[in-house]
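Here's the structure we're looking at; comments come further down.
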Amino acid sequence: MKSSKAIKIFQALVGSIILSILLIVPGVIGYGMYIWMLFLPLILFFALGANVKLIPSIILCYMCGVAWAYLSHALQLFLGQYSTSDFVIQTLPNTLLVFLVLVVHDNFLSKTPFGVVPSVFLGMASTFFAFTFAQQINGLHLLAFFCYGLVMTLALVFGSTALSGLVFGKEAAIAAATGGRKE
């Protein structure tokens with residue numbers, strides 16, 4: 001049996017090369033300053049156990065997070081017409097929205113494709129970033145960055161596993177990539 005550590009090191013090398021090549025695209029099309037956002041899905045994917053089957057739910061929940069953030073922003077703009085208090089304009093809407101996200105996604109929708117709460121919050125956070133720093137991007141840009149980040153993630157996982165399969169054998173490569181669990 002091949003060493004799992006050697007296979008994982010090979011996969012890391014191949015994966016880093018794949019990501020480096022894919023990171024060229026945003027810079028070429030004028031979005032180089034947002035490259036950091038492409039790593040958010042990568043972090044989320046591995047934090048959720050590197051389960052490829054969760055990707056549709058991760059995307060849906062990210063989109064929900066973007067929508068919740070837009071709702072929060074609309075509520076803040078509405079309240080801003082009637083108050084100058086930061087507590088009323090910012091704290092109350094965000095408290096309400098976090099409560100609603102947890103009630104809806106972590107309770108009522110927890111066993112559905114809409115139950116990946118970390119992805120909902122990531123969608124909210126990246127949207128708040130765009131609002132707070134007055135970026136020239138909108139929800140569609142955020143979704144595109146997120147989905148491209150997931151494409152990079154899948155390319156890393158499948159590309160490094162496939163190439164290590166050619167070198168070390170398919171079963172050993174899959175076992176190293178999945179930690180021995182069946183996908």
Side-chain angles (χ1 to χ4, degrees), residues 15 18-80 89-161 177-178 183:
I18 290 169
L19 281 186
S20 295
I21 292 168
L22 293 174
L23 285 171
I24 294 170
V25 174
V28 169
I29 62 172
Y31 291 102
M33 70 184 287
Y34 301 107
I35 284 177
W36 65 271
M37 293 182 82
L38 302 177
F39 285 90
L40 297 176
L42 187 70
I43 294 166
L44 187 62
F45 176 77
F46 283 103
L48 292 172
N51 185 345
V52 174
K53 294 175 186 170
L54 278 179
I55 288 182
S57 293
I58 289 170
I59 294 170
L60 287 172
C61 289
Y62 183 84
M63 291 169 49
C64 289
V66 171
W68 281 112
Y70 271 92
L71 180 61
S72 176
H73 187 65
L75 188 55
Q76 289 173 351
L77 291 174
F78 174 76
L79 292 173
I89 297 171
Q90 294 179 349
T91 305
L92 288 180
N94 287 329
T95 301
L96 174 64
L97 270 286
V98 168
F99 171 75
L100 290 174
V101 164
L102 291 173
V103 168
V104 171
H105 294 276
D106 200 31
N107 286 292
F108 297 122
L109 300 176
S110 65
K111 304 282 190 233
T112 74
F114 295 95
V116 184
V117 175
S119 191
V120 175
F121 282 126
L122 186 60
M124 288 175 68
S126 56
T127 307
F128 288 148
F129 162 79
F131 290 153
T132 302
F133 296 103
Q135 297 298 306
Q136 299 300 314
I137 56 176
N138 59 38
L140 291 176
H141 289 99
L142 294 171
L143 181 59
F145 296 150
F146 190 77
C147 287
Y148 187 70
L150 283 172
V151 166
M152 289 177 25
T153 302
L154 291 174
L156 178 148
V157 171
F158 290 118
S160 63
T161 302
T178 62
E183 289 293 317

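In this structure a side-chain-to-backbone donor-acceptor pair under 3.5 Å is present from His105 to Phe114.
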Could you go through the side-chain contact (heavy atoms from CB on, under 4.5 Å) check for Val116 and Val120 one step at a time?
CA-CA 7 Å; Val116 184; Val120 175; over 6 Å; no
Using side-chain contact (heavy atoms from CB on, under 4.5 Å), reason through Tyr31 and Met37 one step at a time and then give a plain yes or no.
CA-CA 10 Å; Tyr31 291 102; Met37 293 182 82; over 6 Å; no
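With rounding to the nearest 0.5 angstrom, the CG atom of Leu79 is 11.0 Å from the OG1 atom of Thr91. Considering OG of Ser119 and CG of Leu48, their distance stands at 7.5 Å, rounded to 0.5 Å. A distance of 12.0 Å separates SG of Cys64 from CG of Leu71, quoted to the nearest 0.5 Å. Interatomic distance, Leu92 CG to Gln76 CD, rounded to the nearest 0.5 Å: 10.5 Å. Atom-to-atom distance recorded for Thr132:OG1 and Gln90:CD is 8.0 Å, nearest 0.5 angstrom. Within the model, atoms SG of Cys147 and CD1 of Ile55 stand 10.0 Å from one another, a figure rounded to the nearest 0.5 Å.
A search for side-chain hydrogen bond (donor to acceptor under 3.5 Å, both in side chains) contacts involving Asp106 returns nothing, not counting sequence neighbours. The side-chain hydrogen bond (donor to acceptor under 3.5 Å, both in side chains) search around Ser72 returns Asn94, not counting sequence neighbours.
Using a 4.5 Å heavy-atom cutoff, the side chains of Phe158 and Ile18 are not in contact. Under the 4.5 Å side-chain criterion, counting only non-hydrogen atoms from C-beta, Val66 is not in contact with Leu143. Within the 4.5 Å cutoff, no side-chain heavy atoms of Trp68 are placed close to those of Thr127. For the pair Leu75/Leu96, a side-chain contact is recorded, criterion being any heavy-atom separation below 4.5 Å from C-beta on. Put simply, the side chain of Leu44 does not reach to within 4.5 Å of the side chain of Tyr62, judged on heavy atoms. Counting heavy atoms from C-beta outward, Ser126 and Phe146 have side chains that stay 4.5 Å or more apart. Leu42 is listed as a side-chain neighbour of Leu19, based on a closest heavy-atom distance under 4.5 Å. Taking 4.5 Å as the limit, every side-chain heavy atom of Tyr34 sits out of range of all side-chain heavy atoms of Leu142.
Considering all non-hydrogen atoms of both residues, Ser160 and Gly15 come closest at CB-N, 3.9 Å. The minimum heavy-atom distance between Met124 and Gly65, with the atom names listed, is CG-O, 3.1 Å. For the pair Thr161 and Val157, the tightest heavy-atom approach, listed with the atom from each and the gap, is OG1-O, 2.6 Å. The two atoms that bring Asn107 and Val103 nearest to each other are CB-O, 3.0 Å, heavy atoms only. The nearest pair of heavy atoms linking Gln136 to His141 is O-CE1, 4.1 Å. Summarising the geometry of Pro26 relative to Leu38, their closest heavy-atom pair is CG-CD1, 3.4 Å, with the distance given to 0.1 Å.
Heavy atoms of other residues, nucleotides or ligands lying less than 6.0 angstrom from CZ of Phe108 number 12 at most.
Applying the side-chain contact (heavy atoms from CB on, under 4.5 Å) test between Thr153 and each of Tyr148, Phe45, Phe39 identifies Phe45 as the sole match.
Taking the six-membered ring where tryptophan is involved, the planes of Tyr70 and Phe131 are perpendicular, since the angle between them exceeds 60° and thus also 30°.
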